[in-house]
Amino acid sequence: MMAFPILEVIALAAVILFLLYYYSTSALQFWEKRGVKGPKPILFLGNFKDVFLGKVSINDCLVKVYNDFKDEPMVGIFGGHIPHLVLRDPDLIKDVLIKDFPNFVDRLVTPNKVERMSEHLFSLEAKRWRPLRACLSPIFTSGKLKEMFHLLVECGNHFEQYLIKLVEKGEDIPCREICSKYTTDVIGSCAFGIEMNALAAEDSEFRNMGRQIFQTNFKSVIRDRLREYPFLFNLIGPFFADREVEDFFTRITNESINYRMQHNFKRHDFIDTLVELKKDSRKVSDEPLSEVFLAAQAFVFFAAGFETSSITVTHALYELAFNQSVQDKLRAEVKEVLQRHNGQITYEMLKEMKYLDAVMNETLRKYPVVLWLSRTAMNDYTFSNTKVTIPKGQHVIVPVEAIQMDPDIYPEPEVFDPNRFLDENVKDRHAMFYLPFGDGPRNCIGARFAKIQSKVAMIKIFSNFKVDVCDKTMKYNRDVKAFFLLQPTHEIYLKMTKI
């Protein structure tokens with residue numbers, strides 16, 4: 001009597017498996033039907049098998065397809081069953097980021113219900129992104145940066161004294177940690193109006209939060225993998241969310257906002273802008289802005305502001321330790337310009353340091369903090385001079401590192417050569433071949449601030465110290481489990497000698 005139910009269950013399971021197989025094979029024909037070439041996908045895993053197994057990063061996959069399909073303007077790949085389009089042609093990239101930007105406002109990463117801090121400027125959808133960007137942009141104008149520049153210099157002075165003490169002890173310098181402490185202090189002072197003292201305090205709460213945000217661990221890896229499967233992410237993602245970080249930024253942001261509102265205190269910084277948004281939310285939304293939404297903006301400003309600059313300065317130090325002639329040339333420029341300005345660091349003098357600018361640009365070429373950019377089609381879209389049409393909602397990827405390490409664009413890309421970014425060598429290169437901060441209306445809002453705080457740190461270091469490799473200096477090794485940001489797997493130790 002039980003045979004029929006068992007047979008029915010088996011038959012039902014067979015039908016479900018057949019439908020899943022049919023759906024999967026049909027979905028994986030997406031790019032073939034549109035005439036877009038790409039690597040052959042695997043059922044259920046697409047082209048990300050090794051990503052799911054933790055062997056390589058998403059960026060490694062993008063670099064591989066970029067190099068394997070050199071004659072193609074675009075390459076079609078799959079993350080699971082989700083199709084992604086990787087752009088290679090610089091004119092098509094320019095169309096997406098700049099010329100036809102209204103058709104590509106949204107990013108691949110969007111706000112979600114799992115992570116409370118996800119409703120920030122970087123990930124917001126077009127409707128809320130546009131007015132919020134307009135409200136936050138004035139913070140990063142030249143005028144505002146000049147107003148707060150003395151705070152940057154003050155943090156630079158603390159950084160200098162901190163380094164002098166470390167060097168006097170004869171210890172090897174953990175560059176990633178000290179640079180992170182410096183940029184944490186800068187963001188605290190310039191954005192939050194808080195003296196964080198990350199350099200002086202070993203147990204700085206903000207510095208600890210910074211470590212947690214970018215720490216690659218079991219929870220963060222699972223969280224990143226689940227994003228490829230929205231249903232599972234919404235179902236079990238909350239178990240892997242970092243509630244400690246979320247609670248910290250919600251508390252610290254709202255304490256700062258409420259204090260300023262109660263005492264009518266103004267400092268003309270980032271928190272002041274959030275105060276104005278709380279008073280008049282109609283600039284961004286028809287509904288009152290929640291405490292979590294406001295905290296999310298502070299969270300992303302802190303996270304992006306300290307990490308992009310700290311890791312870039314660290315990479316610059318690493319390269320200059322191995323390239324002493326470049327370091328000597330940089331130091332000569334720094335000392336010469338400082339001498340002309342009576343030893344004082346000013347906002348205007350930074351423009352005179354052309355070689356320092358080239359060093360920072362070459363660092364960001366070889367070590368772009370954001371390894372790839374993403375955009376989502378707002379409507380059906382046909383790429384210019386092609387027959388390829390993508391549907392609304394299609395993800396488009398710009399492989400930044402793959403482009404910036406392309407030997408056809410930058411000969412001997414592994415060689416650290418700041419001369420690539422001197423004026424005479426830049427003018428004939430396509431603008432889309434250098435995208436460390438993105439481009440177009442949705443580029444990095446804090447790019448100018450990041451460059452300035454990085455340059456202040458570099459001036460302080462190379463006007464005082466010679467930087468060398470040491471016994472603890474490891475060969476550079478990147479974290480393949482990181483989602484889309486460049487992260488080394490280890491501390492970068494170097495030796496500094498007082499000049």
Side-chain angles (χ1 to χ4, degrees), residues 96-98 100-145 147-148 187 190-193 213 245-246 248-258 260-261 266-308 369-370 373-378 393 437-450 484-485:
V96 168
L97 297 183
I98 303 173
D100 294 326
F101 172 74
N103 286 312
F104 293 96
V105 181
D106 287 352
R107 288 192 166 107
L108 185 153
V109 178
T110 56
N112 59 75
K113 296 179 180 179
V114 173
E115 299 162 299
R116 297 202 302 264
M117 293 291 107
S118 67
E119 287 192 305
H120 51 66
L121 184 68
F122 182 86
S123 63
L124 280 180
E125 73 288 348
K127 182 180 179 181
R128 289 186 293 173
W129 171 80
R130 292 182 189 275
L132 183 60
R133 172 90 181 205
C135 290
L136 298 182
S137 290
I139 303 169
F140 301 100
T141 61
S142 294
K144 281 288 186 182
L145 291 174
E147 284 182 8
M148 66 174 70
I187 297 298
C190 295
F192 293 86
I213 293 170
V245 170
E246 294 175 345
F248 171 79
F249 278 96
T250 302
R251 174 177 61 81
I252 203 75
T253 303
N254 286 290
E255 283 178 358
S256 298
I257 290 173
N258 292 334
R260 295 193 187 191
M261 290 180 70
K266 287 184 179 292
R267 200 169 178 269
H268 307 291
D269 58 10
F270 187 77
I271 293 296
D272 275 359
T273 303
L274 297 186
V275 169
E276 294 304 314
L277 286 175
K278 184 170 185 177
K279 289 179 179 178
D280 186 7
S281 62
R282 291 172 299 177
K283 295 177 181 178
V284 176
S285 171
D286 295 332
E287 302 292 330
L289 298 178
S290 69
E291 290 186 346
V292 172
F293 181 88
L294 294 172
Q297 312 320 314
F299 162 79
V300 76
F301 185 90
F302 170 78
F306 102 80
E307 179 65 9
T308 55
V369 180
V370 178
L373 308 173
S374 69
R375 296 291 187 269
T376 300
M378 310 294 288
F437 294 104
D439 209 329
R442 198 152 189 177
N443 67 342
C444 175
I445 191 174
R448 192 182 300 170
F449 180 87
F484 70 100
L485 296 176

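Note that the numbering runs from 1 along the sequence shown for the chain. Below, each value reflects all heavy atoms present in this structure, side chains not excepted, and no hydrogens, waters or symmetry copies.
- Applying the side-chain hydrogen bond (donor to acceptor under 3.5 Å, both in side chains) definition to pairs two or more places apart or across chains, those involving residues 102-114 are N103-N379, N112-E115.
- The two residues P102 and V105 make their nearest non-hydrogen contact at O-CG2, 3.6 Å.
- Closest non-hydrogen pair, P111 versus S123, comes out as CD-O, 3.0 Å.
- For D272, the salt bridge (Lys or Arg N to Asp or Glu O under 4.0 Å) test picks out R260, with sequence neighbours left out.
- With contacts defined as side-chain heavy-atom distances shorter than 4.5 Å, the pair F104/T376 does not qualify.
- Here the straight-line distance linking atom CD1 of I445 with atom CZ of R133 works out to 4.5 Å at 0.5 Å rounding.
- Between the side chain of E119 and the backbone N or O of Q297 there is no donor-acceptor pair closer than 3.5 Å.
- Remark: the backbone N or O of L136 is not paired with any side-chain donor or acceptor of T273 at under 3.5 angstrom.
- F449 meets the ring-ring contact (aromatic ring centres under 6.0 Å, His included) test with no other residue; sequence neighbours excluded.
- The structure places CZ of F140 at 4.0 Å from CZ of F301, a figure rounded to the nearest 0.5 Å.
- Residues that satisfy the side-chain contact (heavy atoms from CB on, under 4.5 Å) test with T141, not counting sequence neighbours, are K144.
- Among residues two or more places apart in sequence or in another chain, the side-chain contact (heavy atoms from CB on, under 4.5 Å) test is passed with D439 by L97, I98, M432, L435.
- Considering only residues two or more places apart in sequence or on other chains, E246 meets the salt bridge (Lys or Arg N to Asp or Glu O under 4.0 Å) condition with R116, R243.
- The CZ atom of R375 sits 11.0 Å away from the CG atom of L108 when rounded to the nearest 0.5 Å.
- F249 CZ to M117 CE: the interatomic distance, rounded to the nearest 0.5 Å, is 9.0 Å.
- The shortest heavy-atom contact between R448 and S142 is NH1-OG, 2.9 Å.
- Put simply, the side chain of L485 reaches to within 4.5 Å of the side chain of V369, judged on heavy atoms.
- Crowding of R282 atom CZ: a count of heavy atoms from other residues, nucleotides or ligands under 6.0 Å not exceeding 12.
- Residues satisfying the side-chain hydrogen bond (donor to acceptor under 3.5 Å, both in side chains) criterion with R130, sequence neighbours excluded, are absent altogether.
- For N258, the side-chain contact (heavy atoms from CB on, under 4.5 Å) partners two or more places apart in sequence, or in a different chain, are N254, Q262, K278.
- Contact between R442 and F122 at its shortest, heavy atoms only, is NH2-O, 3.0 Å.
- Residues meeting the salt bridge (Lys or Arg N to Asp or Glu O under 4.0 Å) test with E287, sequence neighbours left out: none.
- Once rounded to the nearest 0.5 Å, the distance linking CZ of F437 with OG1 of T308 reads 6.0 Å.
- Here F248 pairs with F206 under the ring-ring contact (aromatic ring centres under 6.0 Å, His included) rule; sequence neighbours left out.
- Residues V245 and F299 have side chains in contact (heavy-atom distance under 4.5 Å, counting atoms from C-beta outward).
- The heavy-atom pair separating A298 from F270 by the smallest distance is CA-CE2, 3.6 Å.
- Applying the salt bridge (Lys or Arg N to Asp or Glu O under 4.0 Å) test to K266 and every residue at least two apart in sequence or in another chain returns E276.
- The distance from atom CZ of R267 to atom SG of C190, rounded to the nearest 0.5 Å, is 7.5 Å.
- Considering only residues two or more places apart in sequence or on other chains, L289 meets the side-chain contact (heavy atoms from CB on, under 4.5 Å) condition with L277, S281, V284, S285, F293, L294.
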